[in-house]
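The next block holds one structure in the form of structure tokens; read it before the comments.
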Amino acid sequence: MLSMNKSIKYICILFLSLFLISCGFKPMHKLSEKSNYLENFIIKIINEDSVSREIKREIGLTFISNQNAEKDYLIELKIDENLFPLIINSDGTVSKYRIELSINYSVINLKDNSSLMSDVVRGFAQYTVETSEIESDDKKKRMIRTATSSAIQMMISKIQSDTSITNDN
């Protein structure tokens with residue numbers, strides 16, 4: 001009786017393992033078997049001179065350039081960064097800022113030079129001004145990267161869910 005319970009237990013574990021292994025999960029950032037999806041894009045910042053170094057760095061970290069990979073799409077970005085005071089002290093100094101990042105983007109198919117989609121995404125972050133100017137500047141840079149990262153992730157999600165791009169693979 002005891003050995004029968006053990007064998008039933010092992011059979012249940014085996015079936016449960018097989019069920020979980022073959023559940024159909026596919027990684028979100030791998031839509032094509034032939035290549036990494038994020039390497040299929042050339043990124044072009046239209047207003048590159050007015051974009052901060054932190055934003056360019058965050059975009060570069062997200063869209064890793066592989067020189068050998070064939071590029072299928074061009075994403076043109078127009079980035080606007082705004083800084084709004086949220087809390088103003090009685091002496092006129094600002095103690096809290098809100099960063100709003102707006103990215104207007106267009107996805108272009110390089111094979112036939114057709115426009116696939118255009119949209120706008122936004123990223124937000126807030127930071128409190130510190131007594132040290134260096135600490136405040138570091139905090140501002142971190143929050144710019146955070147706002148950029150959230151806007152880029154939203155853009156990637158919208159691009160991947162667009163049927164004209166995902167069906168093209």
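- Taken together through direct or relayed side-chain contacts under 4.5 Å among Ile, Leu, Val, Met, Phe, Trp and Tyr, Tyr105 and Ile46 form parts of separate hydrophobic clusters.
- Atom-to-atom distance recorded for Leu74:CG and Ser115:OG is 10.0 Å, nearest 0.5 angstrom.
- With Ser149 contributing its side chain and Arg145 its backbone, the two residues share no donor-acceptor pair below 3.5 Å.
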(message) Apply side-chain contact (heavy atoms from CB on, under 4.5 Å) to residues Gln126 and Met143 and explain how you reach the verdict.
(response) CA-CA 7 Å; Gln126 298 177 5; Met143 292 303 109; over 6 Å; no

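- Atoms CD and NZ, from Glu54 and Lys56 in turn, are 10.5 Å apart once rounded to the nearest 0.5 Å.
- A 4.5 Å side-chain heavy-atom check between Tyr97 and Val129 finds at least one atom pair inside the cut-off.
- From Leu101, atom CG reaches atom OG1 of Thr148 across 4.5 Å, with rounding to the nearest 0.5 Å.
- With a 4.5 Å cut-off on side-chain heavy atoms, Leu77 and Ile59 count as touching.
- Contact annotation: the side chain of Ile45 approaches that of Ile79 to within less than 4.5 Å [non-hydrogen atoms, C-beta and beyond].
- In this structure the side chain of Glu81 reaches within 4.5 angstrom of the side chain of Ile55, judged on heavy atoms.
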(request) Would you check, one step at a time, whether the test side-chain contact (heavy atoms from CB on, under 4.5 Å) holds for Ile99 with Tyr127? (result) CA-CA 8 Å; Ile99 297 169; Tyr127 72 97; 3.9 Å; yes

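- Ile156 has its side chain within reach of Gln153: a pair of non-hydrogen atoms, C-beta onward, lies under 4.5 Å apart.
- Among residue pairs with one or both ends in residues 96-105, those qualifying as salt bridge (Lys or Arg N to Asp or Glu O under 4.0 Å) are Glu100-Arg122; sequence neighbours excluded.
- Separating the CG atom in Asp80 from the CG atom in Asn104 is a distance of 6.5 Å, to the nearest 0.5 Å.
- Lys141 and Asp137 are joined by a salt bridge, as a carboxylate oxygen and a charged side-chain nitrogen come within less than 4.0 angstrom of each other.
- Inter-residue side-chain proximity for Ile75 and Lys44 is flagged as unmet; no heavy-atom pair is nearer than 4.5 Å.
- Side-chain contact between Asp72 and Lys111: present, with at least one pair of heavy atoms (C-beta onward) separated by less than 4.5 Å.
- For the pair Ser150 and Gly123, the tightest heavy-atom approach, listed with the atom from each and the gap, is OG-CA, 3.5 Å.
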(request) Start with the C-alpha distance between Ser102 and Val120, add both sets of side-chain angles, then the distance that settles side-chain contact (heavy atoms from CB on, under 4.5 Å), and finish with yes or no. (result) CA-CA 7 Å; Ser102 174; Val120 178; 3.7 Å; yes

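- Taking Asp119 as the reference, Lys158 meet the salt bridge (Lys or Arg N to Asp or Glu O under 4.0 Å) condition, with sequence neighbours excluded.
- Between Ser95 and Ile88, the closest side-chain pair of non-hydrogen atoms is not below 4.5 Å.
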(request) Start with the C-alpha gap between Glu58 and Ile144, add the side-chain angles, then the distance that decides, and say whether side-chain contact (heavy atoms from CB on, under 4.5 Å) holds. (result) CA-CA 9 Å; Glu58 198 65 34; Ile144 288 172; over 6 Å; no

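- Residues passing the side chain to side chain donor-acceptor pair (under 3.5 Å) test with Glu130 are Lys139, sequence neighbours excluded.
- Of the possible donor and acceptor atoms, one in the side chain of Asp91 sits under 3.5 Å from a partner among the backbone N and O of Thr93.
- Atoms CE and OG1, from Met155 and Thr62 in turn, are 8.0 Å apart once rounded to the nearest 0.5 Å.
- Evaluated for a side chain to side chain contact (heavy atoms under 4.5 Å, CB included) with Tyr73, the options Val107, Ile108, Ile159, Leu110 yield exactly one hit, Val107.
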